[in-house]
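Reviewing the structure listed below.
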Amino acid sequence: MFETIAVVGATGAVGTLIRQMLEERELPYRKIKFLASQRSAGTTLTFKGQQHTVEELRPEAFEGVDLAIGSTPDEVAKEFAPWAVERNCVVVDESGYWRMDPKVPLVVPEVNPDAIENHQGLISSPNCSTTQMVVAMKPLYDASRIRRVVVSTYQATSGAGVKGQADLKNGTHAFLHGSAYKYEAFKHPIAFNLIPQIGSPKYQGYTSEEMKMVHETHKIFGDDSIRVCPTCIRVPVDNCHSESILVETERKITVAEARELFAAAPGIKLVDDLDAGKYPMPADCDGDDAVFIGRIREDLSSENGLAFWCVSDNLRKGAATNAVQIAELLIKTQAAV
Ligand SMILES: NC(=O)c1ccc[n+]([C@@H]2O[C@H](COP(=O)([O-])OP(=O)(O)OC[C@H]3O[C@@H](n4cnc5c(N)ncnc54)[C@H](OP(=O)(O)O)[C@@H]3O)[C@@H](O)[C@H]2O)c1
């Protein structure tokens, strides 16, 4: 049981889902508070039928708080996490800032729940494009170590927060009405377009988003030998990221075996019947906590390759659900001590 939970960044795209998640799931706590920037401080939001005033994020806001779930920009997470930890508050952080810190576990409960055990007050949740990929990789990895992954992402505009969501709607409206629109989250129009860049240039022609998929996958599996080649694309879809994934395993995994492995894996739902026109699509996966997999095929170009299509709600499993699952895991592991 937590005494007081703080939702940090409660007014954002992920923060809104965290609030919804805490209304839906049975995380035990006595009190809850909602923190955001000075811009939102003093505004009210409704939670479990009651009005709550949003407080400004300041060090003192963490007095008496024992769990904080943070969904803020990186530079804000850099600042607030130490304020909370100094006050004996455990932080589950969605931002990219702490993920690769060797002292901070990077956790996806279906993949590496044990990593939580040695936390020092701060636990990170991975990037949304990494989370759904590692959940999909896990049963294959356990059956026959994965040597290589080639992944192309088709990422929704909600991945860029409330400004990204607004850009798709307003940009589409402007396009259809022949009016001008100044994009805020994206540096190119996203309406009736796609953008083959997410994040900034980072390493040998790869972007920061792509390199997150490489480094975070290594950290979560504890296996730096997995070769990962990502291409991250922003597409004009409101919510749910899609990924075309090709894995090469140590021994051959047939389509039939892969179906069995995926079907038995926690957090995965299989929708795989090409003849019947059934496969995961963003519009169908929106609002669901699962990672959906379909279009499973043997690779025509390599011995032990397996290709599949993977869709997941980036605001849920890619962010809010994973963070709340980490909080639930904290309760479970503390209860087990
Ligand atoms: N969107 C996704 O699919 C996704 C998935 C995984 C991880 N993440 C990560 O989660 C974090 C939040 O993303 P988001 O999409 O929810 O962004 P967002 O919609 O832009 O929300 C940002 C939140 O942070 C708050 N904030 C901003 N500056 C602040 C400051 N100086 N002090 C206190 N609070 C501040 C905002 O409060 P105000 O409303 O007051 O400005 C808002 O509540 C990011 O680090 C992102 O990389 C996002």
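Residue indices begin at 1 and follow the sequence shown.
- Nearest heavy-atom pair across A77 and W98 is O-NE1, 3.1 Å.
- Salt-bridge formation is detected for the pair E298/K252: a Lys NZ or Arg NE/NH1/NH2 atom is positioned less than 4.0 Å from an Asp or Glu carboxylate oxygen.
- Looking only at distances, a side-chain donor or acceptor of Q132 sits under 3.5 Å from a matching main-chain atom of H241.
- At least one side-chain heavy atom of R147 sits under 4.5 Å from a side-chain heavy atom of N304.
- Of all the heavy atoms in L168 and I190, the pair that sits closest is CA-CG2, 4.1 Å.
- Taking 4.5 Å as the limit, every side-chain heavy atom of Q325 sits out of range of all side-chain heavy atoms of D289.
- Checking I116, D114, I123 one by one against L329, the side-chain contact (heavy atoms from CB on, under 4.5 Å) holds for a single residue, I116.
- When all heavy atoms are compared, the tightest approach of L306 to I253 is CD1-O, 3.7 Å.
- A heavy-atom distance below 4.5 Å is not found between the side chains of P196 and T231.
- In this structure, R19 CZ and T46 OG1 are separated by 8.5 Å, a value rounded to the nearest 0.5 Å.
- The main-chain N or O of S244 is never found under 3.5 Å from a side-chain atom of S152 such that the two would form a donor-acceptor pair.
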Run the side-chain contact (heavy atoms from CB on, under 4.5 Å) test on M281 and V311 for me, step by step, so that the C-alpha distance in whole Å, both residues' side-chain angles and the decisive distance to 0.1 Å come before the verdict.
CA-CA 7 Å; M281 292 184 285; V311 182; 6.0 Å; no

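- Using a 4.0 Å cut-off between charged side-chain N and carboxylate O, E3 and R30 make a salt bridge.
- Counting heavy atoms from C-beta outward, P236 and F192 have side chains that stay 4.5 Å or more apart.
- Relative ring orientation between H52 and F34 is described as perpendicular, the plane-to-plane angle rising above 60° on a 0-90° scale split at 30° and 60°.
- Counting only distance, with no hydrogens or angles, the side chain of D273 and the backbone of A276 share a donor-acceptor pair below 3.5 Å.
- Here the closest non-hydrogen pair linking D272 and G294 is OD1-C, 3.6 Å.
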L27 and I5: side-chain contact (heavy atoms from CB on, under 4.5 Å), yes or no, with the steps?
CA-CA 10 Å; L27 189 71; I5 296 185; 3.6 Å; yes

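- I331 is listed as a side-chain neighbour of F2, based on a closest heavy-atom distance under 4.5 Å.
- For E110 and K138, the salt-bridge test fails: no basic side-chain N is under 4.0 Å from an acidic carboxylate O.
- Using a 4.5 Å heavy-atom cutoff, the side chains of E26 and E328 are not in contact.
- In terms of heavy-atom proximity, G287 sits nearest to D313 at N-OD2, 2.8 Å.
- Looking at K163 and D167, no side-chain N of the basic residue comes within less than 4.0 Å of a carboxylate O on the acidic one, giving no salt bridge.
- The same ILVMFWY cluster, assembled from side-chain heavy atoms under 4.5 Å apart, contains both I293 and M213.
- Between the side chain of N322 and the main chain of V107, a donor-acceptor pair closer than 3.5 Å is present.
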Run K219 and M100 through side-chain contact (heavy atoms from CB on, under 4.5 Å) and show every step you take.
CA-CA 8 Å; K219 181 164 176 174; M100 294 313 296; 4.1 Å; yes

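- Side-chain contact check for V162 versus T16: every heavy-atom pair is 4.5 Å or farther apart.
- Below 30°, between 30° and 60°, or above 60°: for W83 and F62 the angle between ring planes is between 30° and 60°, a tilted geometry.
- Looking only at distances, no side-chain donor or acceptor of D74 sits under 3.5 Å from a matching main-chain atom of S95.
- Not a single donor-acceptor pair under 3.5 Å links the side chain of T207 to the backbone N or O of G199.
- Between the side chain of R297 and the backbone N or O of R295, at least one donor-acceptor pair lies under 3.5 Å.
- Nearest heavy atom pair, residue A84 against residue V91, reads CB-CG2, 3.5 Å.
- Proximity of a side-chain donor or acceptor of D66 to a complementary backbone N or O of C89 within less than 3.5 Å is not detected.
- Checking side-chain atoms of E23 against main-chain N and O of K48 turns up a donor-acceptor pair under 3.5 Å.
- A 4.5 Å side-chain heavy-atom check between I268 and P139 finds at least one atom pair inside the cut-off.
- R99 has no carboxylate O lying under 4.0 Å from a charged side-chain N of D93, or vice versa, which leaves the two without a salt bridge.
- With salt bridges taken as basic N to acidic carboxylate O contacts below 4.0 Å, none links E209 and R234.
- When the ring pair (Phe, Tyr, Trp, His ring centres under 6.0 Å) test is applied to Y141, the partners found at least two apart in sequence or on another chain are F221.
- Side-chain contact annotation: S225 with R145, donor-acceptor N/O pair under 3.5 Å present.
- In this structure, D284 does not pair ionically with K269, as no charged nitrogen and carboxylate oxygen lie closer than 4.0 Å.
- The only member of T131, V108, L106 that meets side-chain contact (heavy atoms from CB on, under 4.5 Å) when paired with E216 is L106.
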Given side-chain contact (heavy atoms from CB on, under 4.5 Å), test M133 with T153 step by step and report yes or no.
CA-CA 10 Å; M133 183 174 81; T153 71; over 6 Å; no

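- At distances below 3.5 Å, at least one donor-acceptor pair connects side-chain atoms of W309 with backbone N or O atoms of P280.
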